[in-house]
Amino acid sequence: MLTENREFNEIYEQYKNLILKAAYTYSGSYSAAEDITQDTFLKLYMGYDSMKKKNISSWLFTTAKNAALNYRKKHSREIFEIDENWDSEEDTEKNEAQINSAEEQFLEDELQKQRLELHEKIFTNLMEKNERWYDAIVLVYYMEMPQAKAAELMGIRLEVLHSLLHRAKKWIKKKYGTEYEEMNRED
């Protein structure tokens, strides 16, 4: 039992930050990501004896990812009330005018909003098109994980990861390349 506890603690120390980051990436909520990470490691602890030790990293990632996606789906339709202490629109405009002209700020905000909407649309459609492409892109480019580590976490060979990344980038460029270039064009 002592050896198993030591093994579990080593696994926890090795993967806790990665699982927290994955849970945050997929859920969009830090507090939810903390809970998901804790639940994921609790499930690992409870089922540790029956688990294949070589698949632990991919099991941890998949378990956390699925819990985070379930959280996001469940909470995507929540309606939040506006805080009564929130600054009025007039106060916000006065503050922005001091920094930049209102027009410049508005245009910059609109462009940023459009970029975020495009990125969200790309990631949503990528997830629908091919979940493995989505996972590969998120791990390597969003979470900035080394490709060898991402392949291990996904339970695939490095060559397969390279293929997934290539196909995903090709699909994104084909489907959204023109829209992305137009948005980032300097006038």
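Nothing fancy with the numbering, it's 1 onward along the sequence.
A continuous path of Ile, Leu, Val, Met, Phe, Trp and Tyr side chains, each step under 4.5 Å between heavy atoms, connects Ile19 with Val140, placing both in one hydrophobic cluster. If you chain together hydrophobic residues whose side chains sit under 4.5 Å apart, Tyr30 and Leu69 never meet in one group. Residues Tyr24 and Met143 are members of separate hydrophobic clusters, defined by side-chain heavy-atom contacts under 4.5 angstrom among Ile, Leu, Val, Met, Phe, Trp and Tyr. Hydrophobic clustering (side-chain heavy atoms under 4.5 Å, transitive across Ile, Leu, Val, Met, Phe, Trp, Tyr) keeps Val138 apart from Ile36. Hydrophobic cluster membership differs between Tyr71 and Leu20, with clusters built from Ile, Leu, Val, Met, Phe, Trp and Tyr side chains linked at under 4.5 angstrom.
In terms of heavy atoms, Gln147 sits closest to Leu165 at NE2-CD1, 3.8 Å. Here the closest non-hydrogen pair linking Ser58 and Met154 is CB-C, 4.1 Å. The two atoms that bring Leu153 and Ser57 nearest to each other are CD1-O, 2.9 Å, heavy atoms only. Minimum interatomic distance between Ala151 and Leu161 (heavy atoms only, all atoms of both residues): N-CD2, 3.9 Å.
Crowding of His166 atom NE2: a count of heavy atoms from other residues, nucleotides or ligands under 6.0 Å not exceeding 12. Counting heavy atoms of neighbouring residues, nucleotides and ligands inside a 6.0 Å radius, atom CD of Gln38 does not exceed 12 of them. Heavy atoms of other residues, nucleotides or ligands lying less than 6.0 angstrom from OH of Tyr142 number 12 at most.
Distance check: Phe8 CZ to Ile56 CD1 gives 9.5 Å after rounding to the nearest 0.5 Å. Note that NE2 of His162 is 7.5 Å distant from CD of Glu159, once rounded to the nearest 0.5 Å. Interatomic distance, OG1 of Thr178 versus NZ of Lys173, reported as 10.0 Å (0.5 Å rounding). A distance of 8.5 Å separates CG of Leu18 from CG of Leu60, quoted to the nearest 0.5 Å. Distance CE/Met145 to CZ/Phe61: 7.0 Å, rounded to 0.5 Å. For the atom pair OH (Tyr15) and NZ (Lys21), the distance works out to 16.0 Å, reported to the nearest 0.5 Å.
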Side-chain donor-acceptor pairs of residues 120-131 under 3.5 Å, sequence neighbours excluded:
| from | atom 1 | to | atom 2 | distance (Å) |
| --- | --- | --- | --- | --- |
| Lys121 | NZ | Glu179 | OE2 | 3.3 |
| Thr124 | OG1 | Glu120 | O | 2.8 |
| Asn125 | ND2 | Lys121 | O | 3.4 |
| Asn125 | ND2 | Tyr176 | OH | 2.3 |
| Asn130 | OD1 | Arg132 | N | 2.9 |
| Asn130 | OD1 | Trp133 | N | 3.2 |
| Glu131 | OE2 | Lys65 | NZ | 2.5 |

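Put simply, the side chain of Asn66 reaches to within 4.5 Å of the side chain of Thr62, judged on heavy atoms. When side chains are defined from C-beta on, Thr63 does not count as touching Phe41, because their heavy atoms never get closer than 4.5 Å. Counting heavy atoms from C-beta on, the side chains of Lys149 and Glu152 come closer than 4.5 Å.
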